[in-house]
Amino acid sequence: MNLKKVLWATAILGLLICGFVAYQIYSAIFSPNTQFNNDEAFVYIETDASFSDVKTSLEPLLKELSTFEAVAKRKGYMTNIKAGKYALKKGMNNNEIINTLRSANIPVQVSFNNQESVALLAGRISEQIEADSLSLLQSFNDSSFLEETKFDEDTKLAMYIPNTYEFFWNTDAESFRNRMRTEYDRFWNEERLQKAENLGLSPNEVISLAAIVQKETVKVDERPRVAGVYLNRIRRGMLLQADPTVIYAIKKETGNYDTIIKRVLYRDLEMDSPYNTYKYAGVPPGPITMPDISSIDAVLNPEKHDYLYFVADVSNFGYHIFAKTLAQHNRNKVQYTRWLNQQKVMR
């Protein structure tokens with residue numbers, strides 16, 4: 001009788017222990033384990049991150065790191081870590097957190113525009129994906145890639161069409177660059193290529209001319225008219241005589257792209273640079289900045305007119321006054337020169 005009681009007691013105790021263990025396991029797996037107040041928190045896991053790195057990233061976000069570690073070991077996550085950006089929802093349990101970290105890498109929106117060099121572009125992109133600016137710059141400048149794609153030191157910036165693109169955060173430098181090449185080919189569809197051919201320009205020349213248009217006017221609605229001026233000059237065999245190209249030549253010569261030049265001086269026009277369109281005919285050898293798509297399409301779809309000159313309109317800032325003759329232009333230029341002097345803009 002006593003033996004039977006002992007056996008029953010042992011069985012009951014065993015069941016209680018099993019129940020307690022089961023409860024602990026259930027709690028570790030399925031109980032909420034977040035401690036942030038927002039609806040969600042983002043976690044960035046780097047390429048080649050260790051489980052220790054993951055724990056460091058998660059520590060401020062979880063109530064109990066030990067239960068997360070136990071479940072991670074049980075589910076095999078500790079040896080199967082995947083890089084990326086992940087969103088943890090408030091109230092998630094360890095099972096949900098690990099499932100998220102295994103299979104819910106979130107794309108990020110990568111945007112860029114108006115960069116004046118691939119070095120500046122690399123810095124801009126490195127702020128948005130995992131790849132650092134040095135690896136991006138090395139990838140952009142890779143001589144084998146440039147030779148294969150027929151870009152060079154002057155034209156390489158033209159390959160990066162400014163827009164907003166979707167990437168995974170853990171994209172590496174070469175993958176980013178190669179995707180941009182694909183986007184460049186997609187942008188230059190048959191319609192755009194035909195329009196460039198009708199103008200007698202290559203895609204790179206269109207982008208180089210669009211970069212000048214971009215620098216000349218911030219007004220999108222005025223860009224087709226400005227593009228028409230430069231195309232008229234090209235057709236007549238005239239020099240482009242674009243001040244932004246002179247400013248770029250100065251920046252390129254000094255290596256200081258942060259230089260601010262508000263007024264081009266006569267002595268600047270004598271600078272011996274292929275980018276100085278006061279000395280060298282035709283389109284510059286490469287873009288002086290990264291033009292917006294609106295500027296590229298302005299060159300491909302220019303306003304048809306007889307204007308050959310333009311100058312800033314001080315009565316309507318941002319816009320310009322256009323002229324068909326040099327005499328007209330010189331008269332128009334008086335108001336702008338007077339305004340510069342009044343504002344004491346000497347450089």
Side-chain angles (χ1 to χ4, degrees), residues 13-112 115 119-140 164-180:
L13 181 61
L15 287 172
L16 289 173
I17 292 172
C18 289
F20 177 76
V21 171
Y23 174 77
Q24 291 293 99
I25 293 173
Y26 181 88
S27 295
I29 296 175
F30 298 109
S31 294
N33 193 29
T34 61
Q35 65 172 357
F36 48 86
N37 295 321
N38 295 335
D39 291 336
E40 62 181 6
F42 295 103
V43 177
Y44 295 86
I45 298 178
E46 296 181 354
T47 302
D48 299 327
S50 66
F51 185 66
S52 177
D53 296 326
V54 174
K55 288 196 297 180
T56 299
S57 297
L58 291 175
E59 189 170 10
L61 306 175
L62 303 186
K63 292 178 183 176
E64 297 180 11
L65 204 57
S66 58
T67 60
F68 168 78
E69 185 170 0
V71 176
K73 183 176 182 180
R74 188 180 186 86
K75 291 175 70 72
Y77 173 72
M78 297 172 74
T79 56
N80 190 27
I81 296 165
K82 296 181 180 179
K85 175 185 178 182
Y86 301 94
L88 303 186
K89 307 293 185 183
K90 184 178 180 180
M92 270 186 167
N93 58 48
N94 287 321
N95 188 60
E96 293 169 327
I97 292 169
I98 290 168
N99 287 344
T100 295
L101 297 178
R102 289 167 89 172
S103 59
N105 194 0
I106 301 172
V108 297
Q109 301 297 309
V110 176
S111 300
F112 58 90
Q115 308 300 315
L120 293 173
L121 174 63
R124 177 78 180 101
I125 300 305
S126 69
E127 297 171 352
Q128 302 174 76
I129 61 174
E130 183 184 12
D132 60 65
S133 58
L134 180 58
S135 64
L136 286 162
L137 185 57
Q138 289 173 338
S139 177
F140 298 166
T164 298
Y165 301 95
E166 191 171 86
F167 283 90
F168 285 115
W169 174 79
N170 54 304
T171 299
D172 62 32
E174 285 192 8
S175 297
F176 174 82
R177 180 202 64 193
N178 294 342
R179 165 76 181 282
M180 288 298 95

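Just so it is clear, the structure is predicted and the values come from calculations on it, not from any experiment.
Relative to the six-membered ring of Phe68, Lys55 misses at least one condition, a distance below 6.0 Å or an angle of at most 45° to the axis. Annotation: cation-pi pair Arg179/Phe167 present, NZ/CZ under 6.0 Å from the ring centroid and within 45° of its normal.
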Check step by step if side-chain contact (heavy atoms from CB on, under 4.5 Å) holds for Ile45 and Asp53.
CA-CA 8 Å; Ile45 298 178; Asp53 296 326; over 6 Å; no
Verdict with supporting geometry, Glu40 and Lys90, side-chain contact (heavy atoms from CB on, under 4.5 Å):
CA-CA 5 Å; Glu40 62 181 6; Lys90 184 178 180 180; over 6 Å; no
Evaluate the side-chain contact (heavy atoms from CB on, under 4.5 Å) criterion for residues Asn105 and Lys82: first the C-alpha distance (whole Å), next the side-chain angles of each, then the deciding distance (0.1 Å), finally the verdict.
CA-CA 9 Å; Asn105 194 0; Lys82 296 181 180 179; over 6 Å; no
Residues Phe168, Val108; criterion side-chain contact (heavy atoms from CB on, under 4.5 Å); working and verdict
CA-CA 6 Å; Phe168 285 115; Val108 297; over 6 Å; no
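Heavy atoms only, all atoms of each residue included: Ala41 and Leu61 are closest at CB-CD2, 4.0 Å. Listed here is the closest heavy atom pair of Ser57 and Tyr44: OG-O, 4.1 Å. Considering all non-hydrogen atoms of both residues, Thr67 and Glu64 come closest at CG2-OE1, 2.8 Å. Counting all heavy atoms, side chain and backbone alike, Ala173 lies closest to Ala131 at N-CB, 3.7 Å. Here the closest non-hydrogen pair linking Pro32 and Gly91 is CB-O, 3.6 Å. The heavy-atom pair separating Ala87 from Phe42 by the smallest distance is CB-CE2, 3.7 Å.
Between the Glu59 side chain and the Thr56 main chain, no donor and acceptor come within less than 3.5 Å of each other. Here the side chain of Glu130 pairs a donor or acceptor atom with the backbone of Thr47 at under 3.5 angstrom. Between the side chain of Asn33 and the main chain of Leu62, no donor-acceptor pair closer than 3.5 Å is present. Listed for the Glu46 side chain is no donor-acceptor partner under 3.5 Å among the backbone atoms of Ala83. In this structure a side-chain-to-backbone donor-acceptor pair under 3.5 Å is missing from Ser139 to Ser135.
Rounding to the nearest 0.5 angstrom, the gap separating the CZ atom in Arg124 from the CG atom in Leu121 is 9.5 Å. Atoms CD and OG, from Glu127 and Ser133 in turn, are 9.0 Å apart once rounded to the nearest 0.5 Å. Here Asp172 contributes atom CG and Asn178 contributes atom CG; the two are 8.5 Å apart, rounded to the nearest 0.5 Å. Rounded to the nearest 0.5 Å, atoms CE (Met92) and CZ (Phe36) are 8.0 Å apart. Here NZ of Lys63 is found 8.5 Å from CD of Gln35. Values are rounded to the nearest 0.5 Å. Summarising the geometry, atom CD belonging to Glu166 is positioned 11.0 Å from atom CD1 belonging to Ile106; distances are rounded to the nearest 0.5 Å.
Aromatic ring orientation, Phe176 versus Phe140: tilted (interplanar angle from 30° to 60°).
A donor and an acceptor atom, one from each side chain of Lys75 and Asn95, are located under 3.5 Å apart.
Using a 4.5 Å heavy-atom cutoff, the side chains of Leu101 and Leu58 are in contact.
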